[in-house]
Structure formats: C-alpha cells, structure tokens
Protein chains: 2
Amino acid sequence: MNDAMDLRARNKQATREAISHAALRLALEQGPHGLALVRVHDIATAAGVSPRTYNNYFSSREEAICAFQADQSRRAGQALRSRPGDEPLDQAVVAAMVELYTDPEPDKAGLRMIMSTPELEGEALKAFSMAEGPLAEAIAARTGTDPRRDLFPAVTAAAIAGAIRVAGRAWLEPGNTESFATVLRRALSCVVPAAPPEG
Amino acid sequence: MNDAMDLRARNKQATREAISHAALRLALEQGPHGLALVRVHDIATAAGVSPRTYNNYFSSREEAICAFQADQSRRAGQALRSRPGDEPLDQAVVAAMVELYTDPEPDKAGLRMIMSTPELEGEALKAFSMAEGPLAEAIAARTGTDPRRDLFPAVTAAAIAGAIRVAGRAWLEPGNTESFATVLRRALSCVVPAAPPEG
DNA sequence: CCACAACTTGCGTGACGCGCACTATGTGCG
DNA sequence: CGCACATAGTGCGCGTCACGCAAGTTGTGG
C-alpha cells in the first residue's frame, strides 16, 4: 500500500486522537479545579485502550489534554507558507494565523481549560510555542534572511506565538463579545512588522 | 520586629534558595541527559532538609531547578519601572532588560541546562513567562494605556519575554562569541516599538 | 502463505506528590 | 520575662504514576 498514510499510521493517529479527545473531555467534566480527579485509568478506558497504551502516546495527563492545541500550532509554518509569496509579511502572517486559528472558531470551554488551569500552564505554553520553530523557518524563507545569522525570524515567531496566546486570554475574558478573529488581528497588529529591519 | 523581612521570612527564603540551588547543581552534575537520575531525596539531602520539606517548597524537580530563572523574571516589571519616565519605551525596555539579565553575566552552564533539556522545557517556558504579567503592567503604566481595553501592553510583554528566550538560545549557540548583552539588544530591537500604535 | 515489523497489553517496580498529625522554632502580648 | 499562638520542619502512609520488559495481536511485503 502506497497511501499517504497506511493503515498502521491511520490507526495510530486515530488512537492518539481518541486518547487526547477523551482526556480533554474528562478534564472539562471535572472543571479546572478538579483536574487531579481525572485518573489515567479513566482516560484510557474512555478512549478504549489500556492504561499502558495511553502512555505509549503521552507521558502525562497534561500532555494528552493539550495535544490538540499543540498539533494546531505545529501547522503554523505550513499555514504561513501557503500564503502568496508577494504578500507583505505582516498581512501574510495575520491572514495565515486567522485562518489557522479560526477555522472553525475555537472551542471556548476547551481553550479556557487549557489556558486558565494552573496545572496545565507549562504544557499550554509548550503547545503554543511549538509554532515557533516552523514559523521562524517560514518567515526566514519569506524574507530571505538566514536564521543562523539573523535573530529576526526566531524573535518574530516568538512574538507571534505570544500574541496568539494573549489574544486567547483576551477572547476568553468574561464580557468579551468579539470574534476570535477580531481579537487575534488586533493582537498581531501590535508586533508584526511589514519587513525586517535593514541591517 | 519590623524588618523588611523578619527572621521567619529570611529563613524561609534561605531554605528555598538552598533547595533550588542544590537542585540545579545536582542537575548540572548529571548533565542534560541524566535528569531522571537526580532523585528528590538527593536534592533534599544536599540542601540539608527532609524530602517532605522539599516539596513544601516545590512540587517537582523541574520547578526547583528553574526557580532561579523564574525569580529573575519576576523582577522584570520592577526593572522597567526603575527607568526614567521620560525615556522612550523601546530604550527603557532594552536598558532595563539588559541590566536585569546581565548583572552579572548569566551562568552559561545553568542556562543551557534549563533551556536545552527537553524535560525542563515546560518549566523553562513558565519561568520566562512569569515576566509577562508585571512587564505588561509596567508598560501600561508607562504608556498610559488601559491593559483591560488595549492588548498592546500584554502583547508587547509577551514579545519581550519571547525575545529574551530567543536571545538566550542564540547566546548559547556553539561558536557564539558575543556577550549576552549584545545578543539581547539585537533580539529586543526586533520587536519593541518606541510607542504604541495610535488607535 | 509466511516471516517480519509495529502496535497493544499485563505485570512489576521504583519514585513521587501530598494529606495528616506531631514537634520545634519564631513572634507578639500581657 | 513567660505564655499562648502562628508558622516552618518532619515522619509516615497512601494512592498514583511512568516506564522497562516480555508476551500476545495485528498489519505489511515478499
């Protein structure tokens, strides 16, 4: 079989998603204050696998819960590359990130769980920061800068990831009525220049 | 006793530092690949306290190892506030961060341990991101913007924290000969504007 | 159809986080 | 000065977890 993904790989990804989905669902049931009550055994059972299999995929509850967010961040580089090459950097970044993070509009409860549960803070930061590497490469390619000589790509990528995080926090703020796309645009406009500084 | 810190508080901070210092030292002895060999019992013994006391202060090895970095980040807000109020934002940020993070020049081995050990990634990100809250407040105060209405302070704070992280990575790069202050200045110059966008 | 590789599972082990109860050491007041 | 109170340090025990190992099970390719 020469599929893009053979049966093995598809099953693997399916169980991975089943586990991470189950983990997030159970965490949501207990709320942000009862995370300790979500036992590994429960996650595994809910996902239809053994506890031992669960941590063939994840080495902590936190990792499983945040896996979806992490997977999404990993696509940031590709999202930016899919923008037309002659588009200015700032517009390309905004368009790419808005498309990536608002298609569909994110699940408010899930995002709130991830972003405002203290025990998940480390994993949440890891999840968002997974975008930085690929993003930096994409920015370097687009602006023709050498990531090893110039700090601009990596710094900008980190700034973008940070802006996305802050936008998430603001969007979750009680009383906020704007769409995530709107908030995200405002946040990104604070940090992304149209071109790297000459030098 | 009306000291700024009474005996109790000073003892407490002393044991806290003893534990975190011992944790980092033992981690360095084992190198980035033997972190699992650093047992809680060893850290506690090296710090002269019982294992139970150790996790009255920290709830994981990772947290103890990164505590120094976290404490430093917490001072970022105060560092920015100590700059003259009429200084432009970008200059004030660069001056404050350079002073905070290069007095004295950071310990390369310790920073490398924290930043390039996979198991510490989450805690390291947490440590650096602790600067964001205080920094955002300081930026808001300096620029006269309302952190609840305007995303600029929080986004800029996140961008600064990200730039510091990237500067650290670049400084640790083998073959780098520059001082951390130099790298840090270059990194920060990519993201901090002299003033918030009007709007 | 068969041999090989990859995934899943059960079991056992060592370490860890933390609640609880007790002791010891500062602290403030009469 | 001494006595009551608050707070830090400690020992013990329990439940949970991560992970190595050695089967068993299920795709894959010849």
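Every chain is numbered from 1, with letters handed out A, B, ... down the list of sequences. Atoms considered below: every heavy atom in the structure, side chains included; atoms not considered: hydrogens, waters and symmetry mates.
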Would you indicate whether the side-chain heavy atoms of A/Val192 and A/Ile160 approach each other to under 4.5 Å? yes
Under a 4.5 Å cut-off applied to non-hydrogen side-chain atoms, are B/Arg165 and B/Leu125 in contact? yes
Measure [atom1]/[X] against [atom2]/[N] and give the value in whole Å, please.
X	N	atom1	atom2	answer
B/Leu37	C/dC16	CG	C1'	16 Å
A/Asn55	C/dC11	CG	P	16 Å
A/Glu63	D/dC19	CD	C1'	14 Å
B/Asn11	D/dA8	CG	P	10 Å
B/Asn56	C/dT25	CG	P	17 Å

Among [options], which nucleotide sits nearest the side chain of [X]?
X	options	result
B/Arg8	D/dA18, D/dC21, D/dT7	D/dT7
B/Ser50	D/dC21, D/dA8, D/dT10	D/dT10
B/Tyr54	D/dT10, C/dG17, D/dA18	C/dG17
A/Val40	D/dT28, C/dT8, D/dC17	D/dC17
A/Arg61	C/dT8, C/dC16, D/dC17	D/dC17

Which comes earlier along DNA chain C counting from the 5' end, the contact point of B/Ala9 or that of B/Ser59, where each point is its nearest nucleotide? B/Ser59
Does C/dA15 have OP1 or OP2 under 4.0 Å away from a side-chain N or O of B/Arg39?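 For C/dA15, OP1 or OP2 has a side-chain N or O of B/Arg39 closer than 4.0 Å.
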Assign A/Phe58 to base, sugar-phosphate, or nothing according to its heavy-atom contacts below 4.0 angstrom with the strands shown.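 Here A/Phe58 touches no strand at all.
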Going by the angle between their ring planes, with limits at 30° and 60°, are B/Phe128 and B/Tyr101 parallel, tilted or perpendicular?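 The rings of B/Phe128 and B/Tyr101 lie parallel, inter-plane angle below 30°.
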So that I can tick it off, tell me whether A/Glu173 and A/Arg169 are bridged by a salt bridge, with the cut-off set at under 4.0 angstrom between side-chain N and carboxylate O. no
